[in-house]
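Data first, discussion second: the structure below is written as structure tokens.
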Amino acid sequence: MFETALTTNDLLFLARGAGMTLLVTAIAVGIGTILGIIFGVVRYQLGAIWSAPLTFFLDIFRSIPLLIQLVLANAFITAVLKIKVSGFTVACGVLALYTAAYCCEIVRGGIEAVPANLRRASRSLGMSWGQDMWNIVMPLATRVALPSWIGLALGVMKDSALVYIVQVPELLKNTQTLITRLQEPLFLLIICGLFYFLISFPIARFGGYLEKRWSND
Amino acid sequence: MFNYNFRWNQALASLPQMLEGALVTIQIALLSMAIGIGIAIILTVFRLSGNKLLAAIATSWVEIARNTPALFQIYMVHFGLGGFGIHISPYFSLLFGIAFNNAGYLAENFRGALKAIPETQTRAARSLGMSAGQAFGHVVMPQMLRIAFLPMTNQMVWAILMTSLGAVVAMTTDLFGVTSHLNSISFRTFELFAIAAVIFYVITKAITLSARLVASRLFRY
Amino acid sequence: GPAAADKLDDIIGAGTLRCAVVLDFPPMGSRDADNNPVGFDVDYCNDLAAALGVTAEIVETAFPERIPSLMSGAVDVVVGSTSDTLERAKTVGMTMPYYAFENAVVVGEKSGITDEAGMKGKVVGATAGTYEAIWLEGKVKEWGAGEFRPYQNQADVFLALSQGQLDATVSTMEVAQANVKTGNFPGISIVAKADMVPDYVALVTLREEYGLLNFMNLFINQQVRTGRYAELYTKWVGEGEPANLTIPGVYR
Amino acid sequence: MIEIENVRKSFGPLEVLKGINLTVPKGEVLTIIGGSGSGKSTLLTCINGLEPIDSGRILVDGTEVHARSTNLNSLRQKIGIVFQQWNAFPHLTVQQNVMLAQQKVLKRSKAEAAAEAEKQLKHVGLGEKLDVYPTRLSGGQQQRMAIARALAMNPTYMLFDEVTSALDPQLVGEVLDTLRMLASEGMTMICVTHEMKFAREVSDRVAFFHKGVMAEIAPPEALFGAPKDPELQKFLAATH
Amino acid sequence: MIEIENVRKSFGPLEVLKGINLTVPKGEVLTIIGGSGSGKSTLLTCINGLEPIDSGRILVDGTEVHARSTNLNSLRQKIGIVFQQWNAFPHLTVQQNVMLAQQKVLKRSKAEAAAEAEKQLKHVGLGEKLDVYPTRLSGGQQQRMAIARALAMNPTYMLFDEVTSALDPQLVGEVLDTLRMLASEGMTMICVTHEMKFAREVSDRVAFFHKGVMAEIAPPEALFGAPKDPELQKFLAATH
Ligand SMILES: Nc1ncnc2c1ncn2[C@@H]1O[C@H](COP(=O)(O)OP(=O)(O)OP(=O)(O)O)[C@@H](O)[C@H]1O
Ligand SMILES: Nc1ncnc2c1ncn2[C@@H]1O[C@H](COP(=O)(O)OP(=O)(O)OP(=O)(O)O)[C@@H](O)[C@H]1O
Ligand SMILES: [Mg+2]
Ligand SMILES: [Mg+2]
């Protein structure tokens with residue numbers, strides 16, 4: 001198992017896969033978070049009843065397997081609508097909405113955790129809705145939401161392993177390419193698992209640290 | 001509107017097969033939860049035991065389960081253990097892979113829930129003459145399970161969604177496997193997977209709703 | 001109005017031909033040490049592009065994704081060892097065969113299987129969606145005993161076989177020989193030729209693209225006629241005669 | 001001048017203000033007393049437009065608070081309000097708490113806002129606490145910070161809603177002293193309070209609310225010395 | 001009989017019990033008073049073996065609590081204890097709370113345990129609340145339930161650790177009445193309390209703890225009437 005045909009070149013190939021994993025994750029989490037914040041604020045402002053259609057739409061992304069979301073979106077866009085887009089675009093789009101669906105709930109929870117009397121105080125000092133949101137609600141809601149958000153971002157990073165289904169050469173896909181050539185599946189998979197672990201673990205720990213720190217005050 | 005020939009009839013003809021697949025999916029999710037909860041309780045006890053080795057085992061389990069993709073975990077159960085001559089069928093590879101993942105996440109939830117139960121509860125139980133095990137089993141654990149009930153429901157939904165990863169270990173009888181197989185014959189990708197998506201949606205909603213019902217029955221305090 | 005341009009025009013106009021090729025299927029398609037695509041199908045696509053006067057673009061595609069990626073417009077043609085089944089012909093357009101595989105029964109040595117019949121009642125598997133998978137699954141149903149497992153790719157099949165998770169598989173002779181030769185999968189061996197009709201594989205494009213289908217049929221004919229077919233066979237498969245692409249007693 | 005004309009307000013089926021009429025001229029210190037749920041807090045939040053009203057109108061310096069055309073955000077600068085529950089912004093230091101609205105609403109420069117904040121915080125006796133986070137303050141200090149925060153907007157009117165009732169008894173005094181100081185400086189104030197001694201000392205007039213009605217209003221000597229309304233008599237008997 | 005012989009106990013560097021000697025014969029009601037942190041709670045938890053001790057020994061009916069060979073779980077049946085913080089099991093009804101340990105520790109049948117629970121709950125005045133969950137009980141009712149739960153194990157001794165100090169003043173009476181009733185029935189009891197009046201009324205002897213030392217022990221008339229220890233004098237002056 002330790003005599004391997006793996007070359008530095010192949011390791012670079014894996015690292016490129018890891019880079020693709022991170023790129024897809026970054027784009028999806030970036031767009032998804034922005035959408036999630038917008039949806040979350042809308043959801044909070046409208047209340048449960050008026051935002052029901054939005055809630056239902058977002059809930060779909062949390063209720064069916066990501067793999068099916070990817071296959072369906074790809075089939076729908078390219079085969080039904082006959083629009084030519086790359087697998088990369090489909091992957092980023094689906095993952096972004098998937099992120100937004102979870103992020104929306106995190107944002108709403110964060111806003112709800114800001115005590116009403118603080119918001120009353122800021123409004124009665126003459127601050128506008130936007131100023132209140134930006135200067136009071138956002139900093140306080142962020143403390144509540146950040147640990148869960150970090151968890152979400154890591155979840156999306158791990159789930160991005162599934163975008164192989166739309167032919168995006170991410171970490172797991174590149175690992176399989178090497179497996180096909182080198183035929184050393186276990187060794188390569190352990191390296192692949194290590195890549196994931198090394199990206200995820202420190203960030204997860206940092207999230208746990210933030211949670212601990214902020215829950216004390 | 002679309003320049004695409006939808007062939008819903010052809011896809012809908014496969015509905016009975018897909019529903020059978022859905023039953024397998026539910027079965028795997030339920031079993032993986034049962035196993036996952038059992039292991040999570042053991043891991044939680046390990047982490048509280050004060051024994052360094054046991055705690056390290058439990059912590060590694062939790063960290064690996066939480067920091068690598070589920071797809072990877074399922075693959076490793078099948079081919080990883082296979083490398084040591086332990087042969088696990090696709091069904092059980094998928095089941096154990098999901099159970100491994102469940103156990104890791106649930107153990108973390110249980111730890112959080114335990115923190116929320118005051119120490120006085122154990123004291124009160126011990127001073128009535130209960131053994132440490134009895135105090136944990138009859139007093140602490142029921143309360144812990146209640147606090148962790150919502151996270152457990154979420155994990156159950158994820159378990160359902162994770163069954164879709166069984167294809168990597170040649171699993172064919174679950175909903176995703178059945179759908180992929182039908183797709184490889186007829187290539188009605190959109191129609192088939194749209195139906196599968198609806199079935200998955202119904203299952204997950206049914207779980208969330210029945211969990212709410214169970215919670216209102218179970219936790220009357 | 002003017003006749004609508006067809007795919008053939010589109011390709012020539014665009015200057016690129018996008019081929020779906022399976023790259024975990026040596027010697028037909030794989031990656032070299034720099035992880036660049038190589039293989040019989042890769043060369044075949046390049047030849048086709050050259051004949052069209054355009055440049056080729058190789059799009060790596062998994063077996064189960066070949067036809068979906070064509071249908072979705074991600075590629076123009078599939079040069080991916082696609083068996084010309086009638087079921088598929090309902091959805092896509094097939095050329096005449098450009099290659100034919102013979103299949104081998106490959107077994108784990110511990111299983112004690114020595115021929116095709118020995119697979120009855122055992123755990124067998126193949127790559128999901130392939131010709132041999134469909135054949136093998138049919139066999140298992142026919143025998144009414146044993147178990148069939150479709151893995152996602154060829155590498156997993158041989159890994160499972162080598163670990164003893166599978167007792168036997170059926171794969172193309174070329175693939176079987178290449179994999180046994182690497183020595184990466186100890187304990188597996190080829191015991192027999194599978195008793196099945198050779199797996200004739202065709203180039204695939206959209207059903208209605210007659211212009212392109214017509215062009216490709218002639219192209220396949222020319223490949224044989226000019227000796228390029230035999231040349232590629234020697235380069236990728238080895239010494240010997242490439243399979244005969246005509247079927248006695250019938251016209252295509 | 002704050003003019004309240006026949007204001008009515010309900011929460012669902014519950015009528016909380018049943019036609020209130022009240023004028024508070026500049027320079028007056030008005031105290032409102034009354035039982036729990038009598039509508040005192042609701043009236044204050046209507047005055048600065050945090051709550052809509054059902055009928056009647058409220059004029060602040062001639063501007064109708066609930067008119068569509070009114071810019072509430074700029075009106076609210078004129079009317080400082082401090083609530084019972086502490087409402088320090090926990091993520092900002094004491095000085096930043098006082099600076100924020102100055103910068104955002106009055107568009108003061110950072111330096112100006114900082115100087116004003118320091119001045120007001122010194123005024124309420126928190127000159128030492130500028131860089132401290134509010135969680136480190138006692139309840140009384142938090143309330144005084146809230147007062148400074150409102151004063152930094154240079155309001156014409158100050159509304160206080162039971163600012164001492166969530167405080168430990170030993171902290172009440174310091175906050176009341178701050179209110180006394182403001183009264184002596186001529187600030188126009190409406191104070192809802194349960195502190196009868198304070199009401200008696202500081203007020204120009206005292207109003208008694210009962211079930212959404214202003215049952216009696218008079219100078220403190222008259223109201224406490226010779227209460228006319230029978231409910232007020234009961235109320236005073238119970239609180240003595 | 002509970003015999004405490006020269007017991008010492010530290011938490012890290014902090015010596016909490018500095019050599020306590022005390023004998024409580026059957027039938028006695030002993031009250032322990034003393035300032036916060038003087039070691040009263042610690043002594044109680046040492047008596048039933050919830051905390052280990054550093055030196056000395058404690059004998060309950062001749063059995064050494066901290067000996068290796070002692071079966072603590074069965075010893076603890078003899079010694080009921082009720083703590084200051086409410087310790088009802090929230091997931092069980094009131095009756096189930098009282099039944100659990102009977103079934104698990106004494107191996108009583110469900111029916112026996114239910115009957116005993118009902119009897120003890122009626123005894124403490126909770127006969128109406130059998131099927132209610134403890135969260136629906138007032139603090140005083142929760143404490144009485146905890147007492148019934150301990151009594152259902154038919155203990156020989158009962159230890160009470162400031163069972164009223166987390167209660168609202170109006171609820172204290174009902175719990176003290178329950179203790180009085182137990183005392184009058186002849187139960188051997190050690191009560192840690194801040195209720196001087198109660199201590200004076202009920203106790204056979206009162207012990208005063210100060211900084212880990214039992215500074216004085218005497219019948220209530222003597223201890224309250226003519227305190228000798230100067231710290232006790234201070235303590236009593238402060239609590240009067
Ligand atoms: N946002 C609201 N929604 C519904 N009802 C409300 C709301 N705010 C206040 N109320 C009700 O209006 C009534 C008057 O409340 P208000 O707070 O004005 O009384 P108060 O005189 O300030 O009493 P307290 O002395 O207890 O503060 C109460 O019955 C209260 O429950
Ligand atoms: N588990 C523990 N770990 C460390 N120190 C402890 C622990 N339990 C108690 N102490 C310390 O031991 C000392 C005595 O505590 P104890 O609870 O016995 O006092 P007490 O007399 O019951 O006081 P109170 O009247 O406040 O209940 C205190 O200083 C306390 O902080
Ligand atoms: Mg009020
Ligand atoms: Mg104590």
Side-chain angles (χ1 to χ4, degrees), chain A residues 1 21 56 59-82 102 151 154-162 164-165 170-172 175-176 179 184-187 189-190 192-205 208 211-212 215, chain B residues 1-6 25 62-64 66-73 75-76 79-84 101 105 108 112 115 154 157-158 160-168 175-176 179-180 183 187-208:
Chain A
M1 188 161 166
T21 291
F56 174 78
D59 192 44
I60 291 174
F61 292 90
R62 302 189 298 160
S63 305
I64 60 178
L66 184 59
L67 212 48
I68 290 188
Q69 293 178 37
L70 287 164
V71 172
L72 260 185
N74 194 43
F76 185 74
I77 294 172
T78 58
V80 179
L81 298 180
K82 302 222 192 302
Y102 284 95
L154 289 177
V156 172
M157 200 266 293
K158 283 174 275 165
D159 289 341
S160 76
L162 304 184
Y164 77 86
I165 198 101
E170 46 69 58
L171 178 53
L172 201 58
T175 308
Q176 293 216 308
I179 290 174
E184 297 177 40
L186 291 184
F187 178 64
L189 276 166
I190 287 169
C192 166
L194 261 167
F195 262 103
Y196 277 112
F197 194 85
L198 289 180
I199 301 170
S200 172
F201 185 71
I203 304 177
R205 272 300 161 96
E211 192 160 19
K212 210 176 270 169
S215 63
Chain B
M1 170 181 172
F2 302 117
N3 172 22
Y4 176 86
N5 298 318
F6 289 99
T25 280
V62 171
E63 296 301 351
I64 292 173
R66 286 159 44 88
N67 290 302
T68 58
L71 185 67
F72 171 81
Q73 293 162 16
Y75 193 92
M76 286 308 270
F79 288 110
L81 294 180
F84 299 102
N101 187 277
Y105 277 89
E108 194 66 6
K115 271 199 217 146
N154 289 337
V157 169
W158 283 324
I160 290 279
L161 303 186
M162 276 189 277
T163 60
S164 67
L165 307 179
V168 291
L175 178 51
F176 188 88
T179 314
S180 306
N183 184 43
F187 300 102
R188 305 313 302 180
T189 311
F190 181 75
E191 292 90 329
L192 285 167
F193 280 96
I195 294 172
V198 171
I199 299 177
F200 268 111
Y201 185 82
V202 170
I203 296 174
T204 52
K205 282 301 112 179
I207 287 170
T208 336

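Just so it is clear: chains get the letters A, B, ... in the order the sequence lines come, proteins before strands, and each one is counted from 1.
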Fit a plane to each ring of B/Y201 and A/F56, take the angle between them on a 0 to 90° scale, and name the class: parallel (under 30°), tilted (30 to 60°) or perpendicular (over 60°).
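Geometry flag for A/F56 against B/Y201: perpendicular rings.
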So, do B/T163 and B/F200 sit near enough that their side-chain heavy atoms are less than 4.5 Å apart?
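Side-chain contact under 4.5 Å: yes.
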Would you mind reporting whether A/Y196 and A/T21 have side-chain heavy atoms less than 4.5 Å apart?
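Counting from C-beta outward, A/T21 and A/Y196 do come under 4.5 Å.
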Heavy-atom contact with chain B under 4.5 Å, split by part of A/L189:
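Looking at A/L189, backbone and side chain both touch chain B.
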Interface moiety of A/Y164 toward chain B, non-hydrogen atoms closer than 4.5 Å
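For A/Y164, the contact with chain B is made by the side chain alone.
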Return the option, out of B/I199, B/I160, B/N67, B/L71, with the maximum number of heavy-atom pairs under 4.5 Å with chain A.
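Between B/I199, B/I160, B/N67, B/L71, the count favours B/N67.
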Taking atom types as modelled, is there a side-chain donor on A/E170 or A/S160 under 3.5 Å from an acceptor on the other?
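No, A/S160 and A/E170 have no side-chain donor paired with an acceptor closer than 3.5 Å.
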Best-contacting candidate, A/L172, A/L66, A/V71, against chain B by heavy atom pairs under 4.5 angstrom
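Looking at each of A/L172, A/L66, A/V71 in turn, A/V71 comes out on top.
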Can you pull the salt bridge (Lys or Arg N to Asp or Glu O under 4.0 Å) pairs that have at least one residue in residues 59-76 of chain A, sequence neighbours excluded?
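Residue pairs with at least one partner in residues 59-76 of chain A: A/D59-A/R62, A/D59-B/K205.
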What part of B/M162 gets within 4.5 angstrom of chain A, counting heavy atoms only: side chain, backbone, both, or neither?
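Interface part for B/M162: neither.
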